[in-house]
Amino acid sequence: MRNLALVEKLTLRKHELDIEKTLDCGQCFRWTVLGGVHMGIIERSVLMIRYSEAGYDVEVYGEPLGEKVLFNYFDLDRDYSGILEVLSNKDDHMARAVNVGKGIRLLKQPLFEILISFILSSNNNIPKIKMTLEALCERFGEPLGMLDGNIFYAFPTPEILANASLEALNVKAIGYRAKYISETAKAIVDQKLDLNTPFHMDYNTARAWLKQFHGVGDKVADCILLFGYSKMEAFPVDTWVKQMLSEYYGVESKHEMFVRDYFKHYPGIAQQYLFYMIRKERR
DNA sequence: TTTCAGGTGGTGC
DNA sequence: GCACCACCTGAA
């Protein structure tokens, strides 16, 4: 296995971006942190991100990424300050969440990767999801090269997963979700479905479109729409968020109506900041 | 040994 | 529409 070559050096301004929080708020699973260095893969580029005076230094290995793609991945073109100000004026909980979560941005992750990742997330927890994803990438992803003794793998393509047997897909901790992955990959390949389609749909239509895949229900569809498609109307409700909605807002059912009315155009950002806060307080 | 974890799909009403 | 419940697996 050949070593990955450094092909690009980029910088991220610190303004309104906290890498640590952004990569550790449950929206992505393949980033790791070691000795203060964040390592991750975007498409076929291996990234190492370090703190610096101005913000963050980004080293790109393997294939060049380009500033535009990097900025897009971290949603840097969106102005969060105005949105967060409106949200923090809503109530004390939201104000606290905005304060605690300052610097969180909603990523725009590769679509097939985010679809598969969140199908794996159902009835599951983060350490296991990470374990399963790494196992899938090791078995089915293309090895991109080595760096510091570690082999980095691209995310598997729909074709490779569609052609894999259920036995082969039965990697660590995947369980009954292997069938969902197989059926989803097959649907994409056989029916020539274009994962870009939801970009051109409104939130409700896009959500219904994603739910055609086995293993994608309301919550998983909302995660995909929020972390892959930047649909800010999406408000994923898991057991913790459900409990939080009840506790903070007295909402026991019909969350969708409540969040749309209450958070207006940005339920997704509200959800992510609230989620980060309740998760942090639990730990 | 039992319970639960960042849900979904199937079933029955 | 809504309420149940089985479901892989690993950790507590």
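Below, read A as the first sequence line, B as the second, and so on, with proteins coming before strands; counting in each chain starts at 1. Excluded from the calculations below are hydrogen atoms, water molecules and symmetry mates; all remaining heavy atoms, backbone and side chain alike, are included.
- A donor-acceptor pair is defined here as one N or O able to donate and one able to accept, closer than 3.5 Å; no such pair exists between the side chain of D148(A) and the backbone of N150(A).
- Relative to the six-membered ring of Y229(A), K108(A) misses at least one condition, a distance below 6.0 Å or an angle of at most 45° to the axis.
- Annotation: dG9(B) and dG10(C) have their P atoms spaced 23 Å apart (nearest Å).
- The interatomic distance linking E183(A) (CD) with dT8(B) (P) rounds to 15 Å, in whole Å.
- Rounded to a whole Å, the NZ atom of K130(A) is 16 Å from the C1' atom of dG10(C).
- Residue Y176(A) places its side chain closer to dC8(C) than to any other of dT9(C), dG6(B), dC8(C).
- To the nearest angstrom, P of dC2(C) lies 11 Å from CD of E256(A).
- Residue-level contact check: I119(A) touches neither bases nor backbone, having no heavy atom under 4.0 Å from any strand.
- Among the atoms of the strands shown, only primed sugar atoms or phosphate atoms (P, OP1, OP2) are found under 4.0 Å from some heavy atom of K254(A).
- The number of heavy atoms from other shown groups lying within 6.0 Å of CG (L166(A)) is above 12.
- Within the nucleic acid shown, V241(A) has no heavy atom closer than 4.0 Å to any nucleic acid atom.
- Contact annotation for N124(A): backbone-only contact, meaning every heavy-atom pair under 4.0 Å involves sugar-phosphate atoms and none involves a base.
- Look at K172(A) and you'll find a side-chain N or O under 4.0 angstrom from OP1 or OP2 of dG10(C).
- For I126(A), whose side chain is taken as the heavy atoms from C-beta onward, the closest listed nucleotide among dG6(B), dT8(B), dG10(C) is dG6(B).
- Nucleotide dG6(B) forms a pair with no other nucleotide shown, judged by Watson-Crick or G-U wobble geometry with both contacts under 3.5 Å.
- Rounded to whole Å, atom P of dG10(C) lies 12 Å from atom CD1 of I174(A).
- Judged purely by atom type and a 3.5 angstrom limit, T132(A) uses its side chain to pair as donor or acceptor with the backbone of K172(A).
- Atom CZ in R177(A) sits about 17 Å away from atom P in dA6(C), given to the nearest Å.
- Between F152(A) and the options M39(A), R30(A), M1(A), M146(A), a side chain to side chain contact (heavy atoms under 4.5 Å, CB included) holds for only M39(A).
- With both ends at atom P, the span from dG6(B) to dC2(C) equals 26 Å, rounded to whole Å.
- Between dG10(C), dG9(B), dC8(C), one nucleotide has an atom nearer to the side chain of M131(A) than all others, and that is dG10(C).
- Contacts of F213(A) with the nucleic acid, taken as non-hydrogen atoms under 4.0 Å apart, involve only primed sugar atoms and P, OP1 or OP2.
- When distances are taken from the side chain of K128(A) to each of dG6(B), dG9(B), dG10(C), the shortest belongs to dG10(C).
- Counting only distance, with no hydrogens or angles, the side chain of E43(A) and the backbone of P110(A) share no donor-acceptor pair below 3.5 Å.
- Each of L4(A), V60(A), V7(A) was checked for a side chain to side chain contact (heavy atoms under 4.5 Å, CB included) with V46(A), and the lone residue meeting it is L4(A).
- dT8(B) and dA11(C) have their C1' atoms separated by 23 Å, with the value rounded to a whole Å.
- Checking dG6(B), dT8(B), dT9(C) against every side-chain atom of N125(A), the shortest atom distance belongs to dG6(B).
- Summarising the geometry, the separation between CG on D218(A) and C1' on dG10(B) is reported as 15 Å, rounded to the nearest angstrom.
- Each of C223(A) and K211(A) lies near DNA chain B, and the nucleotide nearest C223(A) is the one positioned closer to the 5' end.
- Here G26(A) lies in heavy-atom contact (under 4.0 Å) with a base.
- Between the C1' atom of dG10(C) and the CG atom of N170(A) lies a distance of 14 Å, rounded to the nearest Å.
- For dC8(C), there is no paired nucleotide, since no Watson-Crick or G-U wobble pair has both relevant distances below 3.5 Å.
- Both Y180(A) and S121(A) lie close to DNA chain B; mapped to their nearest nucleotides by heavy-atom distance, the more 5′-ward contact belongs to S121(A).
- If you measure from atom CH2 of W240(A) to atom P of dA5(B), you get 6 Å, rounded to the nearest angstrom.
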